[in-house]
**Q** 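Here it is, the structure, as structure tokens.
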Amino acid sequence: MIWLATAVTTAGALLCLTAAIGLLRARDALSRLQVVTKASSFGIALTVIGTIIAVPQWDVSIQTILTAVFLMTVAPISGHLVARAVYRSGLIGQLATDDLARHAEPAPESERGTSD
Amino acid sequence: MTGLPRFRRSVVAVVLLCGLALIGAILGLAPRTADAADTALPAIRPEDRRPTSGEGARVPVAASDGRDPGIASGTGSESNHNLVEQSGSTPLDIPLAVLATAFILVLARIATGPTLADRIVAAELGFVIVVCALIVLGARLGSIHPITVAMISALLQFVATAALAELLRRKTDPTGDNL
């Protein structure tokens, strides 16, 4: 049972390691963000599953599941926030296609001043 | 280093502190298992500690702190003896080592990131790795306290990432509006 937990948890940790390697190898900030967001979601899920297998108690299970649900809920939100900030800050590299360029720059007049 | 802004240095400092906490947790784990392996192998078993606390009238000093005085003079690292309850959870050190390696790579990206956006993305992954490592640490110690810390730092991770993204956008938005 502990070896099964170790295998699952090591798979999650290897996903985090893959995300870190992809962070080193990717080309620009948006590619790195794409690598990080998906791999970290699956990494936290596998880590929590392995922890529940290793320690089958109610309090540990509830807290780890709450942690995983929260992280997997806010990971797209924070990824969207960072991607939006990166795009609007002009720190992007060479993009093959930039479909957002027609819409996002400059900011539309109707949305200005509505959210500050 | 001349054009290093204050904000970038603060990001590096925060993530370095997280990494030092993670490495300190892992290094604080290692000597205890080493002592349990070679030097104090019959010492911290529960069946050896139990008659010691039971014969407290005969050895009152040992009953006061619940340990054998010979053990206490030998190794001083089992004062938190109720942490290591699961003797079979030693293979959970493997994902901790993998997570530490991933964190070192994240630190390399933060050190050599060309722009501030790369550092913020790397800090996001660093926060997630710290949360994963705290959960695995709780499973390895058989304790719930690192998992509680992981839950709270998962809450703070979102706030920190949102604040970093907002600061990046305010700092380098070419249009300059508050959209």
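Since the structure is predicted, the reported quantities are computational estimates derived from the model, not experimental observations. In what follows, chains carry the letters A, B, and so on, assigned in the order in which the sequence lines appear, proteins first and then strands, with residues in each chain numbered from 1.
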**Q** Between Val86(A) and Ala117(B), which heavy-atom pair has the shortest distance, and what is it?
**A** CG2-CB, 3.5 Å
**Q** For the hydrophobic clusters of this structure (ILVMFWY residues joined by side-chain heavy atoms under 4.5 Å, transitively), does one cluster hold both Val106(B) and Val98(B)?
**A** no
**Q** To check you understand the geometry: which heavy-atom pair defines the closest contact between Thr6(A) and Pro91(B), and what is its length?
**A** CG2-O, 3.2 Å
**Q** Got a second to check how far Leu92(B)'s CG is from Ile2(A)'s CD1, nearest 0.5 Å?
**A** 4.5 Å
**Q** Between Thr64(A), Val74(A), Ile44(A), Leu24(A), which shows the greatest number of heavy-atom pairs under 4.5 Å with chain B?
**A** Leu24(A)
**Q** Got more than 12 heavy atoms from elsewhere within 6.0 Å of CZ, Phe70(A)?
**A** yes
**Q** Less than 4.5 Å to any heavy atom of chain A: does that hold for the side chain of Ile152(B), its backbone, both, or neither?
**A** neither
**Q** So which of Thr18(A), Val36(A), Leu81(A) has the biggest tally of heavy-atom pairs under 4.5 Å with chain B?
**A** Val36(A)
**Q** Distance from Asp118(B) atom CG to Asp28(A) atom CG, nearest 0.5 Å?
**A** 8.0 Å
**Q** Calculate, to the nearest 0.5 Å, the distance between atoms CG and OG1 belonging to Leu134(B) and Thr47(A) respectively.
**A** 11.5 Å
**Q** When rounded to the nearest 0.5 angstrom, what distance separates CD1 in Ile120(B) from OG in Ser78(A)?
**A** 12.0 Å
**Q** Quick check on Thr112(B) against chain A: is it the side chain, the backbone, both or neither that has a heavy atom closer than 4.5 Å?
**A** neither
**Q** Verify the cluster assignment for Val130(B) and Ile110(B): are they in a single hydrophobic cluster under the rule of side-chain heavy atoms below 4.5 Å apart?
**A** yes
**Q** Among residues at least two apart in sequence or on other chains, which ones pass side chain to side chain contact (heavy atoms under 4.5 Å, CB included) with Ile62(A)?
**A** Leu66(A)
**Q** Which of the residues Thr148(B), Val128(B), Ile144(B), Thr161(B) is involved in the greatest number of heavy-atom pairs with chain A at under 4.5 angstrom?
**A** Ile144(B)
**Q** Of the backbone (N, CA, C, O) and the side chain (C-beta and beyond), which part of Leu46(A) lies under 4.5 Å from a heavy atom of chain B, both, or neither?
**A** neither
**Q** I'd like to know if Ile52(A) and Val131(B) are part of one continuous hydrophobic network [Ile/Leu/Val/Met/Phe/Trp/Tyr, side-chain heavy atoms within less than 4.5 Å].
**A** yes
**Q** Please find the pair of heavy atoms, one from Cys16(A) and one from Leu99(B), that lie closest to each other, and give the distance.
**A** CB-CD2, 3.8 Å
**Q** Evaluate side chain to side chain contact (heavy atoms under 4.5 Å, CB included) for Leu23(A) paired with Val121(B), printing each intermediate quantity in order.
**A** CA-CA 9 Å; Leu23(A) 194 69; Val121(B) 171; 3.9 Å; yes
**Q** Can you name the side chain to side chain contact (heavy atoms under 4.5 Å, CB included) partners of Ala5(A), sequence neighbours left out?
**A** Ile53(A), Ala54(A)
**Q** What are the two closest non-hydrogen atoms of Ala85(A) and Leu168(B), and how far apart are they?
**A** CB-CD2, 4.0 Å
**Q** How many angstroms lie between CD in Glu166(B) and CZ in Arg84(A), if you round to the nearest 0.5 Å?
**A** 9.5 Å
**Q** State plainly whether one hydrophobic cluster holds both Val48(A) and Val69(A), where clusters connect Ile, Leu, Val, Met, Phe, Trp and Tyr through side-chain heavy atoms under 4.5 angstrom apart.
**A** yes
**Q** With heavy-atom distances below 4.5 Å as the criterion, would you say the side chains of Glu124(B) and Leu33(A) are in contact?
**A** yes
**Q** What's the spacing between Thr37(A) OG1 and Leu125(B) CG if we round to 0.5 Å?
**A** 9.0 Å
**Q** Quick check: closest heavy atoms across Met151(B) and Gln63(A), and the distance to 0.1 Å?
**A** SD-O, 4.1 Å
